[in-house]
Amino acid sequence: MTQNLYSIRMRASQGDKHVSGAERLVSAEKIDETVQAMISRARSRDRIPDRIKVTIDNIESPTLRTLTALDVVTLNAPDAGAGRTAASHVLETAGVSADAIEIAIDYLTKGAAPSGDNMRGAMIMDGRTGERVEPDQERGVRVSRFDWSSDAGEKIDTQLKDVGLAHFRTREALALATKVVHAPGVIAELCWSDEPDYTAGYVASIKTGYVRFPFLKKHGDPRGGRVFFVKRSAFDMQSLINYLQAEPVLVSDTGICRKEMSREEYFSSLKAESNGHV
Ligand code: COA
Ligand code: AMP
């Protein structure tokens with residue numbers, strides 16, 4: 001797909017603290033309204049930023065990759081303990097080892113940066129051994145240059161609203177996760193937010209889709225982060241980082257969004273799919 005698109009990125013901060021960030025890929029005539037919406041969003045937060053930085057770049061790559069969004073489902077685990085157990089089960093189904101899952105959850109729980117803080121991006125972890133392989137453990141790797149196409153964006157808003165997921169975070173996280181799981185060598189992603197009052201998180205993989213959990217941490221907990229699990233034999237660090245950070249991806253179609261279901265219902269639906277009768 002060839003299209004003249006602009007990457008618009010907003011980052012709001014207060015002193016050295018990150019307050020919020022957002023990004024879009026839009027055509028020239030949508031630049032003004034997009035910037036306006038991003039600034040309004042940055043100023044609507046409880047924590048008032050003392051700096052809002054908006055960057056606009058023409059996308060140099062003439063070729064744009066288009067992807068179909070992962071299917072979405074919520075598993076109704078009632079608290080963080082149950083949520084993490086269910087998320088671990090989903091990650092194992094995606095091909096991540098029990099050891100790597102335990103190590104990943106431990107890092108996210110205690111603060112994955114060597115300073116003990118949250119990282120500024122994601123860990124990259126060997127999905128078999130749990131070894132961390134990202135080049136900078138304070139920073140991690142940040143995914144950028146992704147968005148919904150106009151049509152798919154409208155469609156997903158309706159679909160997510162219909163299953164009670166109207167929060168803008170789900171829309172954005174779903175686009176990010178769709179880009180991540182199509183990266184060369186990535187098996188799965190685990191994420192929960194570092195916002196103290198946002199307890200939800202997800203596991204994403206091509207095999208399982210985007211599986212959301214209302215609780216992956218307790219309310220008030222300021223720790224969070226992302227882990228991208230990789231198959232060591234099938235990935236090259238430089239190509240992975242280049243894809244995640246720089247290659248533009250538009251999510252141009254939606255998948256299926258299902259209503260909340262129990263863990264048992266979800267796993268039996270996966271089994272039915274893999275047996276060929278959905
Ligand atoms: N947490 C903490 N610091 C952050 C940050 C984050 N999430 N994102 C950016 N920063 C700070 C860092 O200090 C960074 O320097 P570093 O590269 O040494 O870490 C600095 O801002 C510049 O970041 P950069 O990514 O180069 O800025 P940008 O203007 O190109 O893009 C974002 C900023 C926030 C838009 C982009 O990084 C991003 O996260 N995009 C995805 C947004 C999104 O849709 N997220 C969905 C989450 S549900
Ligand atoms: P958030 O979903 O914005 O609450 O972010 C949760 C965590 O994900 C942050 O603490 C970072 O560690 C990580 N993160 C934030 N933005 C990105 C990104 N663009 N790519 C990869 N990881 C990110």
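All values below come from the heavy atoms of this structure, side chains included, with hydrogens, waters and symmetry mates left out. Both counts, for ligands and for their atoms, begin at 1 and track the order of listing. On a predicted model such as this, the values are computed, not experimentally measured, just so you know.
Contact annotation for atom 7 (N) of ligand 1: protein present (non-hydrogen atoms, distance under 4.0 Å).
Among all protein heavy atoms, the one lying closest to atom 13 (C) of ligand 2 is G121 O, 3.8 Å. Looking only at heavy atoms of the protein, atom 3 (O) of ligand 2 is closest to R169 NH1, 4.0 Å. Of all protein heavy atoms, the one closest to atom 34 (C) of ligand 1 is G21 CA, 3.9 Å. The single protein non-hydrogen atom nearest to atom 18 (O) of ligand 1 is R120 NH2, 3.1 Å, given as residue, atom name and distance. Summary of contacts: the protein heavy atom closest to atom 24 (P) of ligand 1 is R142 NH2, 3.4 Å. With hydrogens left out, the protein atom closest to atom 17 (C) of ligand 2 is R142 CG, 3.7 Å, a heavy atom. With respect to atom 45 (N) of ligand 1, the closest heavy atom belonging to the protein is L176 CD1, 4.2 Å. Here the heavy atom of the protein found nearest to atom 1 (N) of ligand 1 is H18 CG, 3.5 Å. When hydrogens are left out, the protein atom nearest atom 7 (C) of ligand 2 is G225 CA, 3.5 Å; that is the closest non-hydrogen contact. Residue, atom and distance of the protein heavy atom nearest to atom 10 (O) of ligand 2 are D194 OD2, 2.5 Å. Protein heavy atom nearest atom 20 (N) of ligand 2, with residue, atom name and distance: V143 N, 2.8 Å. Among protein heavy atoms, atom 38 (C) of ligand 1 sits closest to E23 OE1, 3.6 Å.
Within the 4.0 Å heavy-atom cutoff, A22 counts among the residues contacting ligand 1. Within the 4.0 Å heavy-atom shell around ligand 1 one finds V143. Residue R226 places a heavy atom under 4.0 Å from ligand 1. In this structure, V180 has no heavy atom closer than 4.0 Å to ligand 2.
Close contacts between ligand 2 and M119 involve ligand atoms 10 (O), 11 (C), 12 (O) [criterion: under 4.0 Å to a heavy atom]. Using a 4.0 Å cut-off to heavy atoms of A122, the atoms of ligand 2 that qualify are 21 (C), 22 (N). Every atom of ligand 1 is numbered from 1 in the order shown, and the set under 4.0 Å from a heavy atom of A173 is 48 (S). Numbered from 1 in the order shown, with element, the atoms of ligand 2 that lie under 4.0 Å from a heavy atom of V141 read 20 (N), 21 (C), 22 (N). Per-residue contacts place R9 under 4.0 angstrom from the following atoms of ligand 1 (heavy atoms of the residue considered): 28 (P), 29 (O), 30 (O), 31 (O), 35 (C).
Put simply, the side chain of V72 does not reach to within 4.5 Å of the side chain of Q159, judged on heavy atoms. Residues K259 and M261 are not in side-chain contact: their nearest non-hydrogen atoms beyond the backbone lie 4.5 Å or more apart. No side-chain heavy atom of V186 sits less than 4.5 Å from a side-chain heavy atom of F235. The side-chain heavy atoms of R120 and R142, taken from C-beta on, include a pair separated by under 4.5 Å. Looking only at side-chain heavy atoms (C-beta outward), L190 and L216 come within less than 4.5 Å of each other. Annotation: side chain of Q245 is in contact with side chain of V141 (closest heavy-atom distance under 4.5 Å). Side-chain contact between Y210 and V181 is absent, with no heavy atoms from C-beta onward closer than 4.5 Å. Within the 4.5 Å cutoff, side-chain heavy atoms of V73 are placed close to those of Y266.
Heavy atoms of other residues, nucleotides or ligands lying less than 6.0 angstrom from NZ of K110 number more than 12. Within a 6.0 Å radius of CZ in R232, other residues, nucleotides and ligands contribute more than 12 heavy atoms.
Contacts of M10 with ligand 1, taken as heavy-atom pairs under 4.0 Å, involve the backbone alone.
The closest non-hydrogen atom to atom 2 (O) of ligand 2, taken over H18, E189, R226, K179, comes from R226. Between atom 43 (C) of ligand 1 and the options F168, F146, Y198, the minimum heavy-atom separation is to F146. Considering each of R139, M38, R11, the one bringing a non-hydrogen atom nearest atom 17 (O) of ligand 1 is R139.
Of the polar atoms of R120, none of the N or O atoms is found under 3.5 Å from an N or O of ligand 2, judged by distance alone. Considering backbone and side-chain N/O atoms, S193 comes within less than 3.5 Å of an N/O atom of ligand 2. Considering backbone and side-chain N/O of C191, none are found under 3.5 Å from N/O of ligand 2.
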Report the C-alpha separation of K231 and D126 in whole Å, then their side-chain angles, then the decisive distance to 0.1 Å, and conclude whether the salt bridge (charged side-chain N to carboxylate O under 4.0 Å, His left out) test is met. CA-CA 6 Å; K231 190 169 180 182; D126 185 321; over 6 Å; no
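Rounded to the nearest 0.5 Å, atoms OG1 (T170) and CG (L174) are 8.5 Å apart. The CG atom of L75 sits 8.0 Å away from atom OG of S262, with the distance rounded to the nearest 0.5 Å.
Although no hydrogens or angles enter the test, the distance criterion places no donor-acceptor pair under 3.5 Å between the side chain of D197 and the main chain of G220.
Here the closest heavy-atom approach between residue I206 and residue L70 is recorded as CA-CD2, 4.3 Å.
For the pair K30 and Y6, the cation-pi test (distance below 6.0 Å, angle within 45°) is failed.
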